[in-house]
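Before any comments, here is the structure.
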Number of protein chains: 2
Amino acid sequence: MLDTVCVCAKLRHSARIVTSLYDEALAGSGFSVAQFSLLRMLQRAGPCSLTALGAATGHDRTTLNRTLKPLEAAGFVESIEGRDRRARVVQVTPAAREAMARTQPLWEAAQARMTDSLGGDKDRLFALLDRIEGLPA
Amino acid sequence: MLDTVCVCAKLRHSARIVTSLYDEALAGSGFSVAQFSLLRMLQRAGPCSLTALGAATGHDRTTLNRTLKPLEAAGFVESIEGRDRRARVVQVTPAAREAMARTQPLWEAAQARMTDSLGGDKDRLFALLDRIEGLPA
DNA sequence: CTCAAACACGTGTATTTACACGCAATGCTC
DNA sequence: GAGCATTGCGTGTAAATACACGTGTTTGAG
């Protein structure tokens with residue numbers, strides 16, 4: 001009966017620990033890891049609606065709305081309107097690109113610590129996480 | 001440059017997904033997976049202070065205070081006072097043991113889904129998570 | 001014994017997250 | 001073209017989380 005450790009609790013615990021490690025590494029950048037990661041994903045996705053961004057990142061649309069609000073107030077994200085006046089299309093600003101470039105080394109340091117401690121098994125970890133993420137709801 | 005996926009974002013994503021899977025499995029029990037896991041850990045730890053419980057579970061003491069509040073109101077946790085009047089010692093109640101026994105099969109079903117999808121690599125996953133959890137702050 | 005340091009707690013506040021709900025805009029059916 | 005279903009959004013609310021701060025309790029130095 002060593003099978004008593006909850007996979008969910010374990011994952012949540014790891015996520016808390018790793019989040020604090022990244023947040024500490026990013027201290028001074030002005031970004032939390034949640035903000036920085038979201039900006040990265042938005043930059044990658046290009047201008048898109050909140051629903052589309054949520055589908056790409058796995059966040060709820062309303063979570064994005066609230067996460068983006070301070071970033072927009074700080075000038076890192078701007079909303080434009082496309083043809084569909086329902087959709088609010090967001091994109092990163094030049095100021096965000098600059099701030100992200102400055103923050104990138106801090107993120108890379110944290111990422112390197114992870115990669116090092118995983119000793120080449122990062123892809124293996126990701127593959128395992130992909131499997132449980134892929135379970136049908 | 002395939003190394004661009006943030007380990008932290010990945011872990012947070014997985015934790016969100018898995019949490020919703022467990023919460024769905026536990027629906028009807030009246031417990032969230034956070035509550036159920038915490039009760040399990042408290043039962044294992046035995047009567048202890050919030051600080052000690054936090055050290056055992058990796059939660060902040062204040063998080064435990066707030067998570068335990070509704071559980072105490074529902075009669076699943078009780079606070080007793082030991083010799084040290086600073087410390088609030090908490091323990092699970094018989095009602096909690098009963099409710100947990102009823103909930104156990106639901107949790108096991110969710111856990112089994114995880115274990116199955118990991119195909120025998122659960123211990124490997126845990127070992128990888130242990131490694132990054134063990135990084136110094 | 002006294003009093004300051006150390007300890008344990010709870011609350012205020014803030015972040016991250018998502019569900020339920022309602023409103024505005026679009027599209028589709030007839 | 002009118003009306004209804006669909007889509008996209010924002011807000012209210014709530015859970016989980018932790019940091020800063022203040023209060024009460026214990027301990028230890030003198």
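No experiment lies behind these values; they were computed from the predicted model shown. Chain naming here is simple, since letters A, B, ... match the order of the sequence lines and numbering starts at 1 in each.
- C:dT16 atom P lies 17 Å from atom CG of B:Leu11, rounded to whole Å.
- Within the structure, a side-chain polar atom (N or O) of B:Thr63 is placed less than 4.0 Å from OP1 or OP2 of D:dA18.
- Residue pairs meeting the ring-ring contact (aromatic ring centres under 6.0 Å, His included) criterion with at least one partner in residues 63-95 of chain B, sequence neighbours excluded, are B:Phe31-B:Phe76.
- The nearest whole Å value for the distance from the NE2 atom in A:His13 to the C1' atom in D:dT17 is 12 Å.
- Just one of B:Thr57, B:Thr63, B:Thr62 meets the side chain to side chain donor-acceptor pair (under 3.5 Å) condition when paired with B:His59; it is B:Thr57.
- At least one side-chain nitrogen or oxygen of A:Arg88 sits closer than 4.0 Å to the OP1 or OP2 atom of D:dG10.
- The side chain of B:His59 contributes an N or O atom lying less than 4.0 Å from OP1 or OP2 of D:dT17.
- Salt bridge status for B:Lys10 with A:Asp130: present, with a side-chain N to carboxylate O gap under 4.0 Å.
- We find the CD-OG1 distance between B:Glu72 and B:Thr93 to be 10.0 Å, quoted to the nearest 0.5 Å.
- Contact annotation for A:Thr51: backbone-only contact, meaning every heavy-atom pair under 4.0 Å involves sugar-phosphate atoms and none involves a base.
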Footprint string (nucleotides 2-7 of chain C, 5' to 3'): B base within contact, S backbone only, - free, heavy atoms under 4.0 Å: -----B

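- Across the protein-nucleic acid pair, B:Asp60 atom CG and D:dC19 atom C1' stand 7 Å apart, rounded to whole Å.
- Across B:Gln91 and B:Pro47, no two heavy atoms sit closer than the pair OE1-CG, 3.3 Å.
- Salt bridge annotation for B:Glu133-A:Arg16: absent, with no cationic side-chain nitrogen under 4.0 angstrom from a carboxylate oxygen.
- A:Thr19 comes within 4.0 angstrom of nothing in the nucleic acid, heavy atoms only.
- Atom CG of A:Leu53 and atom P of D:dC9 are 10 Å apart (whole Å).
- With respect to the salt-bridge test (charged N to carboxylate O, under 4.0 angstrom), the residues A:Arg66 and A:Asp60 do not qualify.
- The separation between B:Leu50 atom CG and C:dA8 atom P is 11 Å, rounded to whole Å.
- Straight-line distance from the CD atom of A:Glu81 to the P atom of C:dA25: 11 Å, rounded to whole Å.
- Counting distance only, with no hydrogens placed and no angle test, the side-chain atoms of A:Arg61 and the base atoms of D:dG10 include a donor-acceptor pair under 3.5 Å.
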A:Leu11 and B:Leu11: CA distance, side-chain angles, deciding distance, side chain to side chain contact (heavy atoms under 4.5 Å, CB included) verdict: CA-CA 7 Å; A:Leu11 269 176; B:Leu11 268 177; 3.9 Å; yes

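- The phosphate of D:dA15 has neither OP1 nor OP2 within less than 4.0 Å of any side-chain N or O from B:Lys69.
- Base engagement by B:Arg66 is indicated by at least one non-hydrogen atom pair under 4.0 Å involving a base atom.
- The distance between atom CG of A:Leu64 and atom P of C:dA18, rounded to the nearest whole Å, is 8 Å.
- Using a 4.0 Å cut-off between charged side-chain N and carboxylate O, B:Arg102 and B:Glu98 make a salt bridge.
- Counting to the nearest Å, the P atom of C:dA8 and the CZ atom of B:Arg83 are 16 Å from each other.
- Between B:Thr62 and the phosphate of D:dA18, there is no side-chain N or O to OP1/OP2 separation shorter than 4.0 Å.
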Candidate pair A:Thr67 and A:Gln35, rule side chain to side chain donor-acceptor pair (under 3.5 Å), full reasoning: CA-CA 7 Å; A:Thr67 304; A:Gln35 291 176 322; over 6 Å; no

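- For B:Arg85 and C:dA8, the shortest distance from a side-chain N or O to OP1 or OP2 is not below 4.0 Å.
- Near-neighbour residues of DNA chain C inside residues 23-38 of chain A, defined by a heavy atom below 4.0 Å, number-ordered: A:Ser32, A:Ala34.
- Considering only side-chain atoms of B:Asp84, the nucleotide from C:dG10, D:dC19, D:dT26 that sits closest is D:dT26.
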